[in-house]
Amino acid sequence: MIDIILMQRVEKLGQMGEVVKVKPGYARNFLLPLGKAIRANKANLEKFESQRAQLEAQNLKRREEAERVAERMDGLTVTIIRQAGESGGLYGSVSARDIADLCKEGGLTVSRSQVLLEQPIKTLGLTKVRVELHPEVHIPVTVNVARSQEEAERQARGEEIVREEEPSLEDELRAEIGAAMDDR
C-alpha cells in the first residue's frame, strides 16, 4: 500500500486533499496518470498545502459549471437503433462510446469515460445510465434501445415491445409426439 494525496474527489475513496492508502497498481495505472492524485511525500504535501485554496476554488468553479449543465440537460434521452432477435436480445451490445456519441448529438459533450455503465446494454428497452460531469455531479441519461424509430417511440410511451419467444420446431415436434403417445 502506498500513500497518495487526492487532487479531486474520487468515488469510494475520499475527498480532495485527503491522504489515503491505495494499492500500488491502482495509483500507478489509474490515479496518478489521470491527475486524480499525487504521491504523498514531504515536498508534495507542502506544495499541495500552499496551493490548496487555489485548487479548491478551481474545483468549486468547475462543479458549479457542471451543475448548470446538469440542470440544462436534466431528463436527456438518447435513442439507439440496433438489430435484435425476437426475444429482445441485441446482436452485439451498446457501449459507453455509443452513448457518449449520441449524447453529443443531443447537445451534451462527454467522453466515454464519463459514461458510467455497470455492464454493456444487451437487450431492447429503456435503461438509466449515469453520466459524470464532475466528480461530484452526475446526471441520469435514459438510453432507449430499439429496432426502429417507431418502436423507440412506442417504448418511450411505456408500451412493452418485446414479444415472447416463439416455440422452436423441436418444441413443436416434442409436443406432437407427446400428444401421439398420450392417444395410445
Side-chain angles (χ1 to χ4, degrees), residues 1-82 84 89-145:
M1 300 293 267
I2 63 171
D3 289 337
I4 58 167
I5 305 167
L6 295 176
M7 299 300 285
Q8 65 183 24
R9 180 182 179 276
V10 178
E11 198 168 333
K12 298 180 184 172
L13 191 56
Q15 297 293 328
M16 178 178 167
E18 288 184 26
V19 177
V20 294
K21 289 186 180 295
V22 296
K23 291 185 178 180
Y26 184 50
R28 185 177 54 244
N29 298 325
F30 180 67
L31 297 172
L32 296 173
L34 294 179
K36 294 179 182 247
I38 57 175
R39 293 186 187 278
N41 56 35
K42 187 176 180 180
N44 283 346
L45 280 168
E46 290 172 5
K47 182 180 174 186
F48 178 80
E49 286 304 324
S50 68
Q51 297 177 346
R52 183 181 203 110
Q54 179 185 359
L55 291 170
E56 286 178 351
Q58 288 174 348
N59 183 49
L60 184 62
K61 183 180 176 188
R62 285 195 309 269
R63 188 173 109 216
E64 287 171 353
E65 289 173 11
E67 287 171 347
R68 282 195 300 275
V69 170
E71 288 173 13
R72 201 176 74 235
M73 290 293 153
D74 190 36
L76 178 65
T77 300
V78 296
T79 302
I80 299 177
I81 306 300
R82 290 287 158 90
L90 297 179
Y91 300 137
S93 64
V94 176
S95 67
R97 174 178 283 150
D98 299 325
I99 296 167
D101 291 343
L102 287 165
C103 284
K104 284 178 188 163
E105 292 174 16
L108 178 65
T109 303
V110 292
S111 68
R112 67 182 178 154
S113 63
Q114 290 175 284
V115 177
L116 306 176
L117 262 181
E118 303 295 320
Q119 59 206 16
I121 300 169
K122 297 186 178 197
T123 58
L124 295 173
L126 300 172
T127 306
K128 289 272 189 204
V129 175
R130 282 186 348 159
V131 175
E132 180 181 81
L133 301 177
H134 179 271
E136 300 171 27
V137 181
H138 298 86
I139 62 169
V141 173
T142 303
V143 180
N144 186 346
V145 183

For this session: Compare all side-chain heavy atoms of His138 with those of Leu133 and state whether any distance is below 4.5 angstrom.
Result: no
Problem set entry | Any Asn44 side-chain heavy atom under 4.5 Å of Phe48 side chain | no
Seminar exercise, completed: Applying salt bridge (charged side-chain N to carboxylate O under 4.0 Å, His left out) to Glu11 and not counting sequence neighbours gives Arg130
Problem set entry | Side-chain heavy atoms of Val137 within contact of Glu132, under 4.5 Å | no
Problem set entry | side-chain contact (heavy atoms from CB on, under 4.5 Å) between Ile121 and Ser93, intermediate numbers included | CA-CA 5 Å; Ile121 300 169; Ser93 64; over 6 Å; no
Exercise. With a 4.5 Å heavy-atom cut-off, do Gln15 and Leu6 have their side chains touching?
Worked result: no
For this session: Quick one: list whatever passes side-chain contact (heavy atoms from CB on, under 4.5 Å) with Ser113, sequence neighbours left out.
Result: Ser111
Problem set entry | Check: Ile2 and Arg39 side chains under 4.5 Å, non-hydrogen atoms | yes
For this session: Applying side-chain hydrogen bond (donor to acceptor under 3.5 Å, both in side chains), name anything that partners Asn144, two or more places apart in sequence or on another chain.
Result: Gln155
Exercise. Should Met16 and Met7 be marked as a side-chain contact (heavy atoms from CB on, under 4.5 Å) after you check the CA-CA gap, both sets of side-chain angles, and the distance that decides it?
Worked result: CA-CA 5 Å; Met16 178 178 167; Met7 299 300 285; 5.8 Å; no
Exercise. What's the spacing between Gln8 CD and Asn59 CG if we round to 0.5 Å?
Worked result: 7.5 Å
Seminar exercise, completed: dist Leu117:CG -> Ile99:CD1 (nearest 0.5 Å) comes out at 4.5 Å
Problem set entry | From CG (Leu55) to OG (Ser50), nearest 0.5 Å | 8.5 Å
Exercise. Are Val10 and Pro135 side-chain neighbours, meaning at least one heavy-atom pair lies under 4.5 Å?
Worked result: no
With a 3.5 Å cut-off and sequence neighbours excluded, list the donor-acceptor pairs that the side chains of residues 60-81 form with protein atoms.
from, atom 1, to, atom 2, distance (Å)
Arg63, NE, Glu67, OE2, 3.4
Arg63, NH1, Glu136, OE1, 3.2

Exercise. What pairs meet the ring pair (Phe, Tyr, Trp, His ring centres under 6.0 Å) rule with one or both residues in residues 51-71, with sequence neighbours excluded?
Worked result: none
Problem set entry | Atom of Ile5, atom of Gly17 and distance for their closest heavy-atom approach | CG2-O, 4.2 Å
Problem set entry | Pairs meeting criterion salt bridge (charged side-chain N to carboxylate O under 4.0 Å, His left out) with involvement of residues 101-111, two or more places apart | none
Problem set entry | Pairs satisfying side chain to side chain donor-acceptor pair (under 3.5 Å), at least one member in residues 120-129, at least two apart | Lys128-Thr142
Exercise. Quick one: are Leu126 and Val143 in side-chain contact, heavy atoms under 4.5 Å?
Worked result: no
For this session: Output all residues satisfying side-chain hydrogen bond (donor to acceptor under 3.5 Å, both in side chains) with Ser95, sequence neighbours left out; order by chain, then residue number.
Result: Asp98
For this session: Could you note down all residue pairs passing side chain to side chain donor-acceptor pair (under 3.5 Å) where residues 18-36 supplies at least one of them, sequence neighbours left out?
Result: Asp3-Lys21
Exercise. Is a side-chain donor or acceptor of Arg82 paired with a backbone partner of Tyr91 at a separation under 3.5 angstrom?
Worked result: no
Problem set entry | Pairwise side-chain contact, Val129 with Leu116, heavy-atom cut-off 4.5 Å (strictly under) | no
Seminar exercise, completed: salt bridge (charged side-chain N to carboxylate O under 4.0 Å, His left out) filter on Glu49, not counting sequence neighbours, yields Arg52
